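Encoded as C-alpha cells, the structure appears first; notes follow it.
Quick caveat, the model's predicted, so the values are computed rather than measured. Here is the naming used below: chain letters follow the sequence lines, and residue numbers restart at 1 for every chain.
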2 protein chains.
Amino acid sequence: MIEYIILGLLMEGDMSGYEMKKTIDLSVGMFYKASYGSLYPALKRMTEKEWVSVTEEEGSSKNKKIYSLLPEGRSRFLQWLGEPLTLDRNELLLRVFFYDYLDGDTRRLRLQECRYNLDHEIGRLQAVEQIVAGELAEIPDPQNHFFRVSVLSYGKHFFQMLKDYVDQLLKGVETNHENNGQTGKP
Amino acid sequence: MIEYIILGLLMEGDMSGYEMKKTIDLSVGMFYKASYGSLYPALKRMTEKEWVSVTEEEGSSKNKKIYSLLPEGRSRFLQWLGEPLTLDRNELLLRVFFYDYLDGDTRRLRLQECRYNLDHEIGRLQAVEQIVAGELAEIPDPQNHFFRVSVLSYGKHFFQMLKDYVDQLLKGVETNHENNGQTGKP
DNA sequence: GCCTGCATGTAACTGGTTACATGATTGC
DNA sequence: GCAATCATGTAACCAGTTACATGCAGGC
C-alpha cells in the first residue's frame, strides 16, 4: 500500500522520505497513517526494484536523500490506479486521491462500478436493518440495544454519503471535461 | 482487537467460533473484517488466558465448541470499553457498538471527549483546505487537482458527519434515560 | 454420489507499528 | 548552549490475511 502512495507523491516531483511523511500526514493522513518504520524500508525495497532512484544531496552535507520516479515505478503506479475500486473504504479514497492521473475513461468506469456496488451494499444494509427491527420488536427491552442499532444505521448513512460523494465526482468530471488524466506533475 | 469483539459477542450469550464469524459479518462487518485465521487463534489464546471457557458439544458428534465468557474476560471487556474513544474511526465505531454495556457516566464523558476532538479536527481540516485553496489559486491548471481537492473536502464532510452522529448519540441517551449501562445479555 | 453449508484449524506470509539509535541544523 | 525540528534508519514485535487441510451433515 505505502509503495503506491509513495509513487503517487513522486508523480508530483522529487522528494525525500521525511518530506513524504509530512505530505502524507497533511493530505491522505486522515485515512492513511504512515510511519517511518514503514516508509524507509519501503523506499529501500523500491530502490532495489528500480521503481525509484535516489540522489544523495552532497553539497549541503545534510544527509538527505532525494527520491525520483523511474519509468518502471511510473507504470506500476498507473497500473495500480486503474484497478477497480473496492468498497474497502480506505483504498477507495486513497486511489481517488490520485485519480487526476488516471485516464478519463477508466476513471468513469471505476466510479460507475463503485456506485453500483454501493447501491447494492446499501440495499443489503437496509435488509439487515429490517431484520434487526423485527427482532427488536419481539424482545422486552429494546432500549438496551440503542447503540448497536445506531451503529448499524450509521453504516447505512455512511455508505449513502459515500455514494453521494461518488455521484458528485462523476458529475464533477463531466463538468470539468478538460481533465482527462494527466501525464505527471499536475 | 478481535479479542474484544469476541468478548463483546459473548456478553450476549455463548457461541461457537463459526457463529461469531457470521455474527461479525452481519453486524460490525462494515468496519471490521474477521477471518478464521485470526478468529480461531484468538479463541485459543483467550482460553489459555482464561478469559473464556470452552465446552465441546459431544451429543451431536458435531465437533462443535461453544465458548462462554469467564469473569476475567468480562472485566477485561468492560475495562476496554471504558477507555477513551480515539478518532481512529475503526475503533470508535467498534467500541460504540458495544456501548449499551458501558455505564452512563463514562459513556457520556467519552462521547463528549470525542465530540470535542472531532471539532478540533474539523477546524484543522478547514485550515488545511484554505491553504490548499490558496495554493490552487496560484497555479495555472487548478482543474488538474480536482480529485485530490475533493478527497480533502470529503474528509471534512466525513468528520462533520461523524460529529453529527456523536451528537445524535448524546441526545439519544438523554432521551433514553433508562439505559444506563447493562450488566450483560441486553 | 455430489454439492452446499457447517465447523475447526494451521503455516507462511505481509504489512505494518513501536521503540530505539543516531546525528546534523536552525533559531533563540 | 539548548531545544526543536530536520533527517535517516533498524530490530523486535504484532495483528491479521491467504491458502490450505480436514471432515461431517443434510438435501437433491
Side-chain angles (χ1 to χ4, degrees), chain A residues 1-7 9 14-26 28-29 31-49 51-68 76 80 86-91 94, chain B residues 1-9 14-26 28-49 51-68 76 80 86-91 94:
Chain A
M1 189 76 286
I2 198 169
E3 301 196 353
Y4 293 102
I5 298 168
I6 290 172
L7 293 175
L9 294 178
D14 302 350
M15 223 182 265
S16 70
Y18 190 80
E19 287 173 291
M20 285 175 199
K21 163 98 167 95
K22 293 199 78 180
T23 311
I24 290 170
D25 288 347
L26 266 174
V28 284
F31 38 90
Y32 190 88
K33 308 281 166 221
S35 67
Y36 290 123
S38 65
L39 192 60
Y40 285 115
L43 286 168
K44 201 178 177 184
R45 286 197 304 273
M46 292 163 81
T47 309
E48 280 159 16
K49 286 191 283 192
W51 290 16
V52 299
S53 66
V54 61
T55 327
E56 246 142 309
E57 220 165 58
E58 290 171 66
S60 52
S61 79
K62 239 191 157 189
N63 184 31
K64 196 174 169 179
K65 293 181 175 178
I66 305 293
Y67 292 88
S68 315
R76 294 280 180 162
W80 169 79
T86 63
L87 287 193
D88 181 357
R89 184 205 87 289
N90 242 343
E91 255 206 78
L94 231 34
Chain B
M1 189 74 288
I2 198 170
E3 303 197 352
Y4 293 104
I5 298 168
I6 290 172
L7 292 176
L9 294 179
D14 303 351
M15 222 182 264
S16 71
Y18 191 79
E19 287 173 291
M20 286 176 198
K21 164 95 166 95
K22 293 199 78 178
T23 310
I24 290 169
D25 289 347
L26 265 175
V28 286
M30 225 169 307
F31 37 89
Y32 190 88
K33 308 280 168 221
S35 68
Y36 291 124
S38 65
L39 192 61
Y40 285 115
L43 286 169
K44 200 178 176 183
R45 286 196 305 272
M46 291 162 83
T47 308
E48 280 160 15
K49 286 192 282 191
W51 290 15
V52 300
S53 66
V54 61
T55 326
E56 247 143 306
E57 222 166 56
E58 291 172 66
S60 52
S61 79
K62 239 190 157 186
N63 185 28
K64 195 175 170 180
K65 293 181 177 181
I66 305 294
Y67 293 88
S68 315
R76 293 282 180 160
W80 169 79
T86 62
L87 287 194
D88 181 357
R89 183 206 87 287
N90 242 343
E91 254 206 79
L94 231 35

Contact class for B/K22 (heavy atom, under 4.0 Å): base, sugar-phosphate, or nothing? sugar-phosphate

Of the nucleotides D/dG16, D/dT8, C/dT10, which one has an atom closest to the side chain of A/K65? D/dT8

Find the distance A/L39:CG to C/dT18:P and express it as a whole number of Å. 15 Å

Classify B/Y4 by what it touches in the nucleic acid, base, sugar-phosphate, or nothing, heavy-atom distance under 4.0 Å. nothing

A/P41 side chain: which of D/dG16, D/dT8, D/dT10 is closest? D/dT10

Nearest listed nucleotide, side chain of B/K33, among C/dG5, C/dT10, D/dT17: D/dT17

Hey, does the side chain of A/S38 reach the backbone of A/A34 with a donor-acceptor pair shorter than 3.5 angstrom? no

Determine the contact category for B/G17: base if any of its heavy atoms lies under 4.0 Å from a base atom, sugar-phosphate if only primed atoms, P, OP1 or OP2 are that close, otherwise nothing. sugar-phosphate

Working to the nearest 0.5 angstrom, can you tell me the gap between B/R76 CZ and B/K49 NZ? 7.0 Å

Tell me, do B/L7 and B/M46 make a side-chain contact under 4.5 Å, heavy atoms counted? yes

Identify which nucleotide among D/dA7, C/dT17, C/dC6 has an atom closest to any side-chain atom of A/S35, counting heavy atoms from C-beta outward. C/dT17

Does B/K21 have a side-chain nitrogen or oxygen under 4.0 Å from the phosphate oxygens OP1 or OP2 of C/dA7? no

A side-chain contact here means heavy atoms from C-beta on lying under 4.5 Å apart; do A/L43 and A/K65 qualify? no

